Each structure stands twice: as structure tokens, then as C-alpha cells.
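Take a look at the structure below.
Numbers here are sequence positions counted from 1. Just so it is clear, the model here is predicted, and its values are computed rather than measured.
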Amino acid sequence: METKKIIIGLAVIIALLITVGSALALDPAALSVSDVKVGKTGGNLVSYINGNETAAFQPGDEITVKVTVRNNGNVPLEKIEVAVNADPALGNFPAPQSIPDPFHLQAGQEKEATYVYKIPASLTAGFYSVEFEVKARDES
């Protein structure tokens, strides 16, 4: 299982942990998070790689997170799910707005999951985590 970490620099720090998992005997390298973009909703989204810190955000800001899921294998994948596990202090992190759950990808295909989240205005400065886990089944 591969884990990618993104730190969002906020007055409230949210750590996005991107976890690529698998169901059944799927090769973990066949399914990946190929890009993560973060920014204020309506503004420019910036692409981040493992361990980088984002621009600053404040409690009350609405942010958009876009996670690109890619099928790197040579067979179709079915029942792909992007699960979100957020720190309870953040409240309910939304379901993805741009993809069905679950979905499928042909070999070499990718889809983008978009999340829009308003940071609670009452949240105190600190570190909070949001984990995205991607899992799938090989259609064969």
C-alpha cells in the first residue's frame, strides 16, 4: 500500500493523507492517486506532491480538493471507491461531487474526484488530518 502526504498550510493545518489501497489481489501499482490539487473555492488550485505544504487558509475558508485517480494497469478496474476519513473535529467531510461512487476505469483511464469543504469558523489552530483511500477490484 502506498501513502502520499499533502500538508495544507492553514491557520488551521489540515494534513491530507492520500492512501492507495486495494481489494482482492489487485496490484497496488495498478491504481494510483496521480495528482492532488488544493485551493480556495473559486480561485486557482495548486498541484502538490508528497509532503509539500500548501498556501495558507483560515477557519471559515471554503477549499476545493481535487484528487485524480488513475488506472495504471492493463485491465479494467471496477468498483473503485474513494473513501474519506477526516478528523472528527472537522465535522463531516463531503462526498466527492464529480464522480459516482463506486465507478470504474478502463486501462490507462483516469477520473478526478472533487471535494468542496468549508473549514469550520470555530476550529482552533492545530493539525487535523483527512485521509483519502482508493480501492478497486480487477474486473477479471
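In this structure, the separation between CD on Q58 and CG on L123 is 11.5 Å, given to the nearest 0.5 Å. The distance from the CD1 atom of I119 to the NZ atom of K40 is 9.0 Å, given to the nearest 0.5 Å. We find the OG1-CG distance between T64 and N44 to be 11.5 Å, quoted to the nearest 0.5 Å.
The two residues Y117 and L90 come nearest to each other via the heavy atoms OH-O, 2.6 Å. Nearest heavy atom pair, residue P76 against residue Q106, reads CG-OE1, 3.4 Å. A pairwise comparison of heavy atoms in K118 and G60 identifies CE-O, 3.2 Å as the closest pair. P59 and P120 get closest at one heavy-atom pair: CB-O, 3.5 Å. Summarising the geometry of E78 relative to H104, their closest heavy-atom pair is CA-CB, 4.0 Å, with the distance given to 0.1 Å. Closest approach of I80 to L77, counting heavy atoms only: CD1-CB, 3.9 Å.
Side-chain atoms of V116 and E62, non-hydrogen and from C-beta on, do get closer than 4.5 Å to each other. Residues V82 and V69 form a side-chain contact, since some pair of their non-hydrogen atoms from C-beta on lies under 4.5 Å apart.
Between K66 and E112 there is a salt bridge, with a side-chain nitrogen of the basic residue lying less than 4.0 Å from a carboxylate oxygen of the acidic one.
K111 NZ: more than 12 foreign heavy atoms inside a 6.0 Å radius.
Taking hydrophobic clusters as Ile, Leu, Val, Met, Phe, Trp and Tyr residues chained together by side-chain heavy-atom distances below 4.5 Å, F103 shares a cluster with L31.
The main-chain N or O of L105 is found under 3.5 Å from a side-chain atom of N71 such that the two form a donor-acceptor pair. R70 contributes a side-chain N or O that, together with a main-chain N or O of G108, makes up a donor-acceptor pair within less than 3.5 Å.
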>> Apply side chain to side chain contact (heavy atoms under 4.5 Å, CB included) to residues F93 and D87 and explain how you reach the verdict.
In response: CA-CA 9 Å; F93 205 85; D87 188 304; over 6 Å; no
